[in-house]
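In this text the structure is predicted, and so the values were computed from the model without any measurement. Remember, it's 1-based here, ligands and their atoms both numbered in the order they're listed.
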Amino acid sequence: MQQVNDIRRLRALLKAQAAAGRTIGFVPTMGHLHEGHLSLVRRAATQADFVVVSIFVNPLQFDRQDDLDAYPRTLEQDARLLETVGVNLLYAPEPESFYPCEPALLTRIEVPGITERLEGASRPGHFSGVATVVNRLFNLIQPDIAFFGEKDFQQLRMIEKMVEDLALPVSIMSEPTVREADGLALSSRNTRLSDTERQIAPRLHQTLTKIVEVIRLGGRDFRKLEAKGVELLQNAGFSVDYLEICRSADLQPGEPGDADLIVLVAAWLGSTRLIDNVKVRGQDLAPLLHWHDGCLNSHRPSPIIGSDVLNRGS
Ligand code: PAF
């Protein structure tokens with residue numbers, strides 16, 4: 001694996017690969033790598049001839065200075081991990097020299113619509129910062145395929161839209177969230193949890209799973225389910241930024257009758273902010289909708305499902 005931090009050297013190396021007819025797969029990261037990142041890299045290695053990973057803690061996407069300062073930087077350890085999974089090139093630019101000018105003067109990318117709610121509402125400027133850095137990285141690396149995790153589902157949807165809107169010549173592929181045995185989604189922020197918080201943290205995924213179970217069984221009062229989920233999390237010790245049942249395609253509030261849904265949550269445990277999501281695909285709903293013939297047309301909430309499933313084990 002080669003490692004570069006200089007833009008000119010990066011471009012020269014990648015030009016040679018493109019000239020040799022090799023396809024380039026790209027996994028952008030902010031480092032402190034875990035199995036979630038490695039699953040993206042492994043996938044990239046199966047899809048492209050030459051795999052590039054970037055590690056850059058992008059200041060533009062942090063809405064709080066303390067969060068940026070506390071973000072773990074573990075470049076040497078990350079480089080050793082990447083050696084084991086078939087990465088060809090690690091691009092780890094110096095924070096001071098990555099952008100050509102100071103943030104206030106920098107050209108920014110805004111992706112309207114998909115970014116205004118959920119994370120966008122809780123973290124002003126975050127998505128513009130992500131879109132701006134990803135666009136710059138795409139221009140520098142010119143990948144054929146780029147890989148993103150589904151844990152940051154709104155980010156994934158935003159990148160897909162940016163690529164479409166700007167006609168960027170790159171395909172976007174995603175990989176499912178990788179979880180600990182107890183369900184907690186892997187995240188670079190998990191190492192900030194205290195022992196007690198770490199024990200509580202899996203409740204986030206458990207709550208989403210319960211909501212999904214109720215929806216699969218026919219529960220259609222989404223707003224009530226969201227309120228119940230927030231209550232469960234608050235009782236467990238979380239402070240909830242949002243918990244929403246949305247349409248998977250555009251992340252607008254889900255309504256009975258929508259086929260592909262996703263339940264998304266962001267919540268604080270002490271000073272650590274965790275996000276997670278679980279999908280409910282239309283095909284998972286089909287047997288029940290078929291069984292309750294009338295539900296398909298009337299979208300009436302199923303009479304058999306209340307909040308019992310959510311109450312169980314809470
Ligand atoms: O998902 C991340 O780690 C970051 O948002 C990304 C895509 C690397 C941009 O900094």
Inset, instruction - Count the heavy atoms belonging to other residues, nucleotides or ligands that lie under 6.0 Å from CD of Glu35, then report whether that count exceeds 12. - result: yes
Inset, instruction - Kindly assign one of parallel, tilted or perpendicular to the pair Tyr91 and Phe98, based on the angle between their ring planes and the thresholds 30° and 60°. - result: tilted
Legend entry - Heavy-atom closest pair, residues Ile114 and Asp250: CD1-O, 3.4 Å
Note: [X]-[Y] ion pair, threshold 4.0 Å (strictly below):
{"X": "Lys161", "Y": "Glu164", "result": "no"}
{"X": "Glu231", "Y": "Lys228", "result": "yes"}
{"X": "Arg73", "Y": "Asp78", "result": "no"}

Using a cut-off of under 3.5 Å, which N/O atoms of ligand 1 pair up with protein N/O atoms, and what distance separates each pair?
from: ligand 1; atom 1: 1 (O); to: Gln155; atom 2: NE2; distance (Å): 2.8
from: ligand 1; atom 1: 5 (O); to: Gln61; atom 2: NE2; distance (Å): 3.0
from: ligand 1; atom 1: 5 (O); to: Gln155; atom 2: OE1; distance (Å): 2.7
from: ligand 1; atom 1: 10 (O); to: Gln61; atom 2: OE1; distance (Å): 2.6

